[in-house]
Novice: 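Below you'll find the structure I mean.
Per chain, numbering begins at 1; letters A, B, ... match sequence-line order.
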Number of protein chains: 2
Amino acid sequence: MSLRHAVLGLLVDQPASGYDLMKRFNTSLANVWPATQSQVYGELARLADNGLIDVAAEGPRGRKEYTLTDTGLAELQRWLIEDKPEPRRSSALLRVFFIGVLTPEQAADYLARAAEQAAADQAALRQLQDSLDWTEPGQLTVNGRLALEYGLRLYAMQEEWAHWAAGQLTSATD
Amino acid sequence: MSLRHAVLGLLVDQPASGYDLMKRFNTSLANVWPATQSQVYGELARLADNGLIDVAAEGPRGRKEYTLTDTGLAELQRWLIEDKPEPRRSSALLRVFFIGVLTPEQAADYLARAAEQAAADQAALRQLQDSLDWTEPGQLTVNGRLALEYGLRLYAMQEEWAHWAAGQLTSATD
DNA sequence: TGGTACATGTAAGGGGTTACATGATTAA
DNA sequence: TTAATCATGTAACCCCTTACATGTACCA
């Protein structure tokens with residue numbers, strides 16, 4: 001149930017409406033925890049019911065601006081420290097498991113495209129890194145840099161692995 | 001919708017009952033695509049309805065042994081080649097984004113534990129690698145090796161990153 | 001004969017995605 | 001005045017998890 005904690009985290013020090021939050025989800029968290037509008041509004045209602053957030057102000061067009069309560073902040077901290085990460089599913093790895101049903105040519109092509117994709121993703125992240133304004137300090141930018149570096153390292157690893165795996169397949173076919 | 005393709009993949013060249021499949025999910029695919037008994041039986045019924053698998057034999061205790069049909073194999077191959085990987089969610093990265101709400105000590109502790117966890121996961125995978133019998137060739141073992149290597153590289157990267165991130169935080173706090 | 005392994009299924013509830021539905025405010 | 005932006009909400013459908021429910025075959 002991490003959507004709830006993503007919402008809480010985005011409200012730390014920055015009160016926002018559901019509409020505002022959607023923008024933050026679509027920019028800062030796009031590569032980390034995507035969420036849809038329908039999900040966010042539902043979760044906001046639930047969090048308010050449970051006292052983890054408050055409606056601090058109402059504006060035009062029915063705008064409701066939410067703030068984090070003490071209870072909400074405590075829950076966010078608890079989650080950060082206590083909760084164990086859930087088991088991960090990887091459709092990419094699942095494909096690798098079954099790559100044997102393809103012809104050697106198709107398999108080689110698949111791995112080549114995987115390597116290209118990883119390289120492209122890495123380039124896109126690097127561009128994002130260059131485009132962001134790192135001059136003004138703040139929690140999101142500092143921690144965003146850590147997350148961004150994780151992404152860069154992940155894509156680099158994926159690219160190297162795909163090349164290695166392609167080599168393994170060709171040597172096995174010989 | 002990858003569960004469907006996991007089931008199809010596990011049935012390639014190896015007819016099985018739902019019970020058999022559960023064993024394969026809990027061993028070969030445990031770290032790649034976990035599935036529950038209730039999911040597997042439901043999916044088998046749906047796949048049979050859609051003609052992607054057939055009941056090839058019935059045994060004691062109501063056992064139904066399924067085989068892949070030509071349509072099923074074709075669908076598996078199509079998925080391998082055509083389908084794009086879905087956007088990934090990472091609760092680990094989400095935590096990193098919000099690590100600023102912890103005290104510096106708590107944050108350092110969190111990253112230290114993340115590094116330890118990655119090291120432990122890597123060690124567990126290496127043990128699995130050593131314990132498996134690689135002598136008998138077969139698609140699953142060959143491709144399983146590729147997937148295993150991916151896991152080893154991923155955990156290594158996570159460990160290195162956690163150490164680096166811890167360094168970033170301490171230098172920022174100074 | 002009694003326990004373990006084999007074997008299949010259903011139900012309830014949570015979370016996610018897509019699509020639908022509606023309306024107010026602002027700026028050109 | 002009209003188009004873009006702001007703003008919230010609901011409904012249907014799919015996937016996943018947990019728990020419940022039932023019964024058969026085999027082996028010691």
Novice: Between atom OH in Tyr19(B) and atom P in dA25(D), what is the gap in whole Å?
Specialist: 15 Å
Novice: Atom CH2 of Trp33(B) to atom P of dC16(D): distance rounded to whole Å?
Specialist: 7 Å
Novice: Please determine if Arg88(A) forms a cation-pi arrangement with Trp33(B), meaning its NZ or CZ atom is less than 6.0 Å from the six-membered ring centre and no more than 45° off the ring axis.
Specialist: no
Novice: Report, one line per pair, each donor and acceptor closer than 3.5 Å where one atom sits in a side chain of residues 107-120 of chain A; sequence neighbours left out.
Specialist:
{"residue": "Asp109(A)", "atom": "OD2", "partner": "Arg113(A)", "partner atom": "NE", "Å": "3.3"}
{"residue": "Gln117(A)", "atom": "NE2", "partner": "Asp121(A)", "partner atom": "OD1", "Å": "3.0"}

Novice: Sequence neighbours left out, what pairs pass salt bridge (charged side-chain N to carboxylate O under 4.0 Å, His left out) with at least one residue falling in residues 34-44 of chain A?
Specialist: Arg4(A)-Glu43(A), Glu43(A)-Arg46(A)
Novice: Provide, to the nearest angstrom, the distance between the CG atom belonging to Leu94(A) and the P atom belonging to dC15(D).
Specialist: 15 Å
Novice: Going 5' to 3' along DNA chain C, between which two nucleotides do contacts with chain B fall, using a heavy-atom cut-off of 4.0 Å?
Specialist: dA5(C) to dT17(C)
Novice: Should the pair Trp79(B) and His5(B) be assigned to parallel (<30°), tilted (30 to 60°) or perpendicular (>60°) ring geometry?
Specialist: parallel
Novice: Heavy-atom count around Asp49(B) CG within 6.0 Å, excluding the residue itself: above 12?
Specialist: yes
Novice: Between Glu149(A) and Arg145(A), is the closest basic N to carboxylate O distance under 4.0 Å?
Specialist: no
Novice: For the side chain of Gln106(B) and the backbone of Thr103(B), is there at least one donor-acceptor N/O pair under 3.5 Å apart?
Specialist: yes
Novice: Residues of residues 36-47 of chain B with any non-hydrogen atom less than 4.0 angstrom from an atom of DNA chain D: list those, numerically ordered, please.
Specialist: Thr36(B), Ser38(B), Gln39(B)
Novice: Donor-acceptor pair, Arg89(A) side chain versus Pro34(B) backbone, under 3.5 Å?
Specialist: yes
Novice: Passes side-chain hydrogen bond (donor to acceptor under 3.5 Å, both in side chains), Gln37(A) versus Tyr19(A)? Steps please.
Specialist: CA-CA 8 Å; Gln37(A) 179 251 32; Tyr19(A) 191 86; over 6 Å; no
Novice: To the nearest Å, give me how far apart CG (Leu21(A)) and P (dA7(D)) are.
Specialist: 12 Å
Novice: How many whole angstroms separate atom CZ of Phe25(B) from atom P of dC15(D)?
Specialist: 14 Å
Novice: Counting any heavy atom closer than 4.0 Å, what does Arg89(B) reach on the DNA or RNA strands: base, sugar-phosphate only, or nothing?
Specialist: sugar-phosphate
Novice: Between CG of Leu152(B) and CD of Gln122(B), what distance do you get to the nearest 0.5 Å?
Specialist: 6.0 Å
Novice: Only counting residues at least two apart or in another chain, list the ones meeting side-chain contact (heavy atoms from CB on, under 4.5 Å) with Thr67(A).
Specialist: Pro15(A), Asp54(A), Ala56(A)
Novice: Give me the residues of residues 62-69 of chain A where at least one heavy atom lies under 4.0 Å from an atom of DNA chain D, by number, or none.
Specialist: Gly62(A), Arg63(A), Lys64(A)
Novice: Rounded to whole angstrom units, what separation is found between the CZ atom of Arg61(A) and the P atom of dT5(D)?
Specialist: 12 Å
